[in-house]
There are 2 protein chains.
Amino acid sequence: MTTVEQTLQALRDAGLKITASRRAIIETLAEMNRHVTAAELLEAVQARVPEIGKASVYRTLDVLVRLNVVQACTLGSTSTTYILTTAGHHHHLVCLVCHRTIEIDECLLDEATEAIGRKFGFLVEGHLVEVYGKCPDCMQTSPTQTT
Amino acid sequence: MTTVEQTLQALRDAGLKITASRRAIIETLAEMNRHVTAAELLEAVQARVPEIGKASVYRTLDVLVRLNVVQACTLGSTSTTYILTTAGHHHHLVCLVCHRTIEIDECLLDEATEAIGRKFGFLVEGHLVEVYGKCPDCMQTSPTQTT
DNA sequence: CTTGATGCAAACACTTTGCAACGAC
DNA sequence: GTCGTTGCAAAGTGTTTGCATCAAG
């Protein structure tokens, strides 16, 4: 079963309708397979089906996030990014100077979150980790920088 | 040296001016000593010095974040929150249902981030961890929820 | 005195909502 | 046929910016 089918199934399971727009949005998300902003996604979706509106993208993303098949993530700055959870789990190293982002495939705290969850009686469904720092390039360029 | 003084000193060190507005903002932040949104901070600051405008709050927060004495954090949703880094390091458990947030004092990945940093040549200066899930109350209320 | 900082309001960017029409089930 | 969903545009948020004035250094 493909990622797209899994996601459509999640909609069905929730008693929601599979519309052409939703299908296009989900297929696009699956193809992009990376963190995308709503705007990027909208553009890509419209390349496929031009008449889809931004509201549908936002509404669909909202639904998918609630169904836990899409993860929303705010990389410190401007706008939220979205990614299918089936795309796998990963975290980010964000450079404070140039804002370059490196994806880390390995998960830092599967066990730690479990432990924390138990401690607080939380059912842990996911986690977001962002590590901030200075990337190799920027360390060379500006070893000490205040302005 | 108090938190406020440390923060003011950071401004001085950066060659920036210590104005009444900035002082009020920093003092308020120190008093609140928790994650606050720009709006909350503005309100609290205006209770102290009514004529301070929102722009000054945003601009000052921006400066303080850049000086690394305030940490900005986007708890998954609406608006960014800010906290003085001197308030200590902690993470969050966020309930996906009721959006209640629990602060976790213990750090989950001091060592892990170090290792990651070395691996990618990153100078790690901080990290943000948000664990999502369902809080005890919401687990009882809605064991399975799709709508 | 110089230059950064301020307050105000207008401008912005991103997201949400109202509504009539549409289409999945 | 019902009711969830759509696209559009307008309305909301939260944040940033332009500008003349002000005050820290």
Side-chain angles (χ1 to χ4, degrees), chain A residues 7-28 35-67 70 72-82 99 146-147, chain B residues 7-28 35-67 70 72-82 99 146-147:
Chain A
T7 308
L8 292 175
Q9 191 57 49
L11 282 175
R12 258 184 225 107
D13 292 346
L16 300 171
K17 293 178 180 173
I18 312 292
T19 64
S21 300
R22 282 181 175 170
R23 191 184 295 270
I25 290 167
I26 291 166
E27 286 172 356
T28 307
H35 285 263
V36 294
T37 62
E40 285 173 326
L41 180 59
L42 175 64
E43 190 182 5
V45 163
Q46 287 184 332
R48 184 187 285 258
V49 186
E51 63 272 21
I52 291 178
K54 67 175 75 170
S56 298
V57 169
Y58 279 108
R59 282 188 280 228
T60 302
L61 284 173
D62 190 54
V63 165
L64 296 178
V65 167
R66 260 205 278 276
L67 294 180
V70 160
C73 169
T74 57
L75 272 182
S77 52
T78 356
S79 54
T80 308
T81 61
Y82 303 87
H99 299 105
T146 32
T147 328
Chain B
T7 308
L8 293 175
Q9 191 57 49
L11 282 175
R12 255 182 229 109
D13 291 347
L16 301 171
K17 293 178 179 172
I18 312 292
T19 65
S21 300
R22 283 182 173 168
R23 191 184 295 270
I25 290 167
I26 290 165
E27 285 173 358
T28 306
H35 286 263
V36 293
T37 62
E40 285 174 326
L41 180 58
L42 175 64
E43 191 183 4
V45 163
Q46 287 183 332
R48 182 187 287 258
V49 186
E51 63 272 21
I52 291 179
K54 67 174 75 171
S56 297
V57 169
Y58 280 107
R59 281 188 280 227
T60 301
L61 284 173
D62 191 55
V63 165
L64 295 179
V65 167
R66 261 206 276 279
L67 293 180
V70 161
C73 169
T74 58
L75 273 181
S77 51
T78 356
S79 54
T80 308
T81 61
Y82 302 87
H99 299 105
T146 33
T147 326

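Just so we're on the same page: letters track the sequence lines, and every chain starts at 1.
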Inset, instruction - Give the minimum heavy-atom separation between B:Leu67 and B:Ala10, together with the two atoms involved. - result: CD1-O, 3.8 Å
So, OP1 or OP2 of [N]: does either fall under 4.0 Å of a side-chain N or O from [X]?
X       : N     : result
B:Ser56 : C:dA5 : no
A:Thr19 : D:dT6 : yes
B:Ser21 : C:dA5 : no

Atom-pair distance ([atom1] on [X]; [atom2] on [N]), nearest Å:
X       : N      : atom1 : atom2 : value
B:Leu16 : C:dT6  : CG    : C1'   : 14 Å
A:Leu61 : D:dT6  : CG    : P     : 12 Å
A:Leu8  : C:dC25 : CG    : P     : 10 Å
B:Leu42 : C:dA9  : CG    : P     : 13 Å
B:Leu11 : C:dT6  : CG    : P     : 10 Å
B:Glu40 : D:dG14 : CD    : P     : 11 Å
B:Ile25 : C:dA5  : CD1   : P     : 12 Å

Inset, instruction - Report which part of the nucleic acid B:Ala38 touches: base, sugar-phosphate, or nothing (heavy-atom distance under 4.0 Å, all strands). - result: sugar-phosphate
Legend entry - Full working for side chain to side chain contact (heavy atoms under 4.5 Å, CB included) between B:Thr37 and B:Leu42: CA-CA 8 Å; B:Thr37 62; B:Leu42 175 64; over 6 Å; no
Inset, instruction - State, to the nearest 10°, the angle formed by the axis through the first five base pairs of the helix from C:dC1-D:dG25 to C:dC25-D:dG1 and the axis through its last five. - result: 50°
Inset, instruction - Working to the nearest 0.5 Å, report the span between NE2 of A:His35 and CD of A:Glu40. - result: 11.5 Å
Inset, instruction - Output the distance between atom CD1 (B:Ile52) and atom OG1 (B:Thr28), rounded to the nearest 0.5 Å. - result: 7.5 Å
Legend entry - Heavy-atom check, side chain of B:Thr80 versus side chain of B:Leu61, under 4.5 Å: no
Legend entry - Of A:Arg22 and B:Arg12, the one whose closest DNA chain D nucleotide lies more 5': A:Arg22
Legend entry - Residue whose closest nucleotide on DNA chain D lies nearer the 5' end, B:Ile18 versus B:Ala39: B:Ala39
Inset, instruction - Taking atom CD of A:Glu43 as the centre, report whether more than 12 heavy atoms of other residues, nucleotides or ligands fall under 6.0 Å from it. - result: no
Inset, instruction - If a protein heavy atom is under 4.0 Å from the base, mark B; if only from the sugar-phosphate, S; if neither, -; do that for nucleotides 16-23 of chain D going 5' to 3'. - result: BBB-----
Report all side-chain donor-acceptor pairs from residues 17-27 of chain A shorter than 3.5 Å, counting only partners two or more places apart or in another chain.
residue : atom : partner : partner atom : Å
A:Thr19 : OG1  : A:Arg22 : N            : 3.2
A:Arg22 : NH1  : A:Lys17 : O            : 2.9
A:Glu27 : OE1  : A:Arg48 : NH1          : 2.9

Inset, instruction - Select from B:Gly53 and B:Gly15 the residue whose nearest nucleotide in DNA chain C is closer to the 5' end of that strand. - result: B:Gly15
